[in-house]
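Here is the structure we will look at, set down as structure tokens.
When reading the values below, keep in mind they use all heavy atoms of this one structure, side chains included, and skip hydrogens, waters and symmetry mates. Note that ligands are numbered from 1 as they come in the structure, with each ligand's atoms numbered from 1 the same way.
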Amino acid sequence: MPFEIPHFINGEHRPPHSGRYLDNIEPAAGQVFSRVAAGDSRDIEAAAQAAQAAFPAWSRTTAGERADILNRIAALLEQRLEEFAQAECQDSGKPITTARTVDIPRAVLNFRFFASAIQQFSSEFHDTSELTFNFTLRQPRGIAGCISPWNLPLYLFTWKIAPALAAGNTVVAKPSELTPLTAHMLTSLCNEAGLPPGVLNVVHGLGGEAGAALTAHPAITTITFTGSTATGAAIARTAAPLFKKIALEMGGKNPVLVFADADLDSAIQTSVRGAFSNTGQICLCGSRIFVERSIYQQFIERFVDQTRALKIGDPADPATQLGALASQGHWHKVLGYVELAQQEGGTLLTGGMRPANLPPRCNGGYFLAPTVITGLAPDCRTNREEIFGPVVSIQPFDTGDEAIRYANLTDYGLAASIWTQNLNRMQRLARAVQAGTLWFNCWMLRDLRVPFGGMKESGVGREGGLEALRFFTEPKNVCIHGG
Ligand code: NAD
């Protein structure tokens, strides 16, 4: 029997006002396994009221007191890592090994990191003259609205709520309706850890209903969003006339540039990982690979060999490296792009179809074998639009200028991975490639202190480290004159 996932408001699990629930499907099986509350503006209103009532006391706690609670949540989550990993795997279709080694450990780390960061946080002091000084008082902003996507459900949910809470805000959060389970499970741990009622509220439901109501609520004056660029634009349209503070982390179409002087073994191995990790559903995945012509043929052959060796199958199997896509709608979208690529003149070197030999329980699941396409123009739609699945295109380039031009051909600007041993070239590319994160000779090497975000249509604002704590606080300049 599918179980029900309720809201979490004022420290309690509550049914939705409407009484409606949405089917929650296990992507690997294509079967309903739970039902999630379909929240609307009435649930958002109740959550906002709880968050407002909790704010005065929570905002007056010391950084150390908040850090203690966040660290307790982290410890409880770590104790139940396996239970959360199993839930994330079932809810999202991601391989259990990814959930065990990436998603849940990173959620633990998000709490620990911001518990520590808030205790190191300081603000500016300006010594103006002998009798006058200015200092910047940073206060929590109030209620933060945190909207997160399905690809890294708990990982990105906690990446938002941890800094918001650490900085002394209360929160109304809306996880993706496609992957609500681990955010729901976390709420019980928050109670167990002693987080006061109303400090964190979780309202589930559709983006156009619960998400839109959250964005429009006048008391929720800070909005942090991770998801698609189209949704980010809708949120910005609502938030702008209400003068809300917003941070938008959106789509990507990230280039990988491989120069002939690169360490080819690492470049190929890492690019395969960068293309297909989490079944290609990470905003940072490198989905357009440009290779210097002299090594192009060799690169393709070895890349395709390594792609074919990847194990796609039941996400619950620890040996599986690629699981299911997160939903039927998304699966159709990705398959549509494989078709488009062929219409645009692309050649499929491998993949492009449902893998054979899936276990019977996965017959109704949303699987696509890792797909490699060549022969596309760098500016075709397949190479400019975000696919967000296990689909990568590879094309040659002849000069450094051409590589830069190809890299910058999309409206996105999230990340790039560049392979070269030449330091002068690195310096030039670092300035010329339009992306919020540039990885040289690596991919996805994360340090949580660095600013994280995108340029162009990939984002507005930065998350991570002090940037996040600055985002969730209001700077007030205080000028004191004496004498
Ligand atoms: P999405 O935009 O469809 O949904 C994201 C969240 O927004 C969900 O919780 C959804 O319910 C909510 N939402 C939808 N419509 C809304 C509306 N009108 N008002 C308010 N909320 C609304 O994105 P998705 O399909 O869940 O996630 C995939 C996308 O996320 C990809 O484009 C990917 O690149 C992007 N992403 C970006 C980053 C980053 O850090 N830049 C990280 C992960 C994913």
Side-chain angles (χ1 to χ4, degrees), residues 22 24 27 36-41 44 91-92 94 102-103 106 145-160 172-180 183 202-217 220 223-239 244 246-254 277-287 325-331 333-334 337 385-389 410-415 435-437 444 446 450-464 467-468:
L22 308 165
N24 188 25
V36 59
D40 61 24
S41 57
I44 292 290
D91 208 10
S92 69
K94 72 173 65 224
V102 180
D103 290 76
R106 172 59 190 275
C146 302
I147 305 177
S148 50
W150 47 257
N151 65 322
L152 298 163
L154 194 68
Y155 175 135
L156 290 175
F157 181 81
T158 54
W159 182 233
K160 294 185 178 303
V172 178
K174 198 206 83 64
S176 170
E177 60 275 27
L178 297 173
T179 53
V202 181
V203 176
H204 297 282
L206 295 172
E209 294 176 4
L214 185 156
T215 312
H217 197 288
I220 304 175
I223 305 280
T224 170
F225 163 79
T226 298
S228 64
T229 297
T231 304
I235 289 173
R237 275 193 296 275
T238 304
K244 297 190 180 209
I246 56 173
L248 306 173
E249 300 293 341
M250 304 183 287
K253 186 73 180 176
N254 310 303
S277 285
N278 205 40
T279 321
Q281 303 168 117
I282 302 180
C283 53
L284 303 164
C285 278
S287 53
L325 293 172
S327 71
Q328 191 177 39
H330 187 56
W331 184 52
K333 177 190 146 181
V334 175
Y337 272 107
E385 296 176 14
E386 185 182 47
I387 300 175
F388 213 57
T410 72
D411 292 331
Y412 295 108
L414 190 58
T437 296
M444 199 69 175
R446 293 280 287 119
V450 306
F452 178 84
M455 296 172 63
K456 294 154 80 178
E457 293 190 9
S458 287
V460 175
R462 292 292 183 271
E463 297 185 312
E467 298 280 344

The criterion is salt bridge (charged side-chain N to carboxylate O under 4.0 Å, His left out); which residues satisfy it with [X], sequence neighbours excluded?
X      : answer
Glu457 : none
Lys160 : Glu463
Glu177 : Lys174

Measuring from atom [atom1] of [X] to atom [atom2] of [Y], what distance do you get when rounded to the nearest 0.5 angstrom?
X      : Y      : atom1 : atom2 : value
Lys333 : Phe388 : NZ    : CZ    : 8.0 Å
Asp103 : Asn151 : CG    : CG    : 9.0 Å
Thr437 : Arg446 : OG1   : CZ    : 6.5 Å

### Message
At less than 4.0 angstrom from any atom of ligand 1, which residues have a non-hydrogen atom? List them by chain and residue number.
### Response
Ile147, Ser148, Pro149, Trp150, Asn151, Leu156, Lys174, Pro175, Ser176, Glu177, Gly207, Gly211, Ala212, Thr215, Phe225, Thr226, Gly227, Ser228, Thr231, Ile235, Glu249, Met250, Gly251, Gly252, Cys283, Glu386, Phe388, Leu414, Phe452
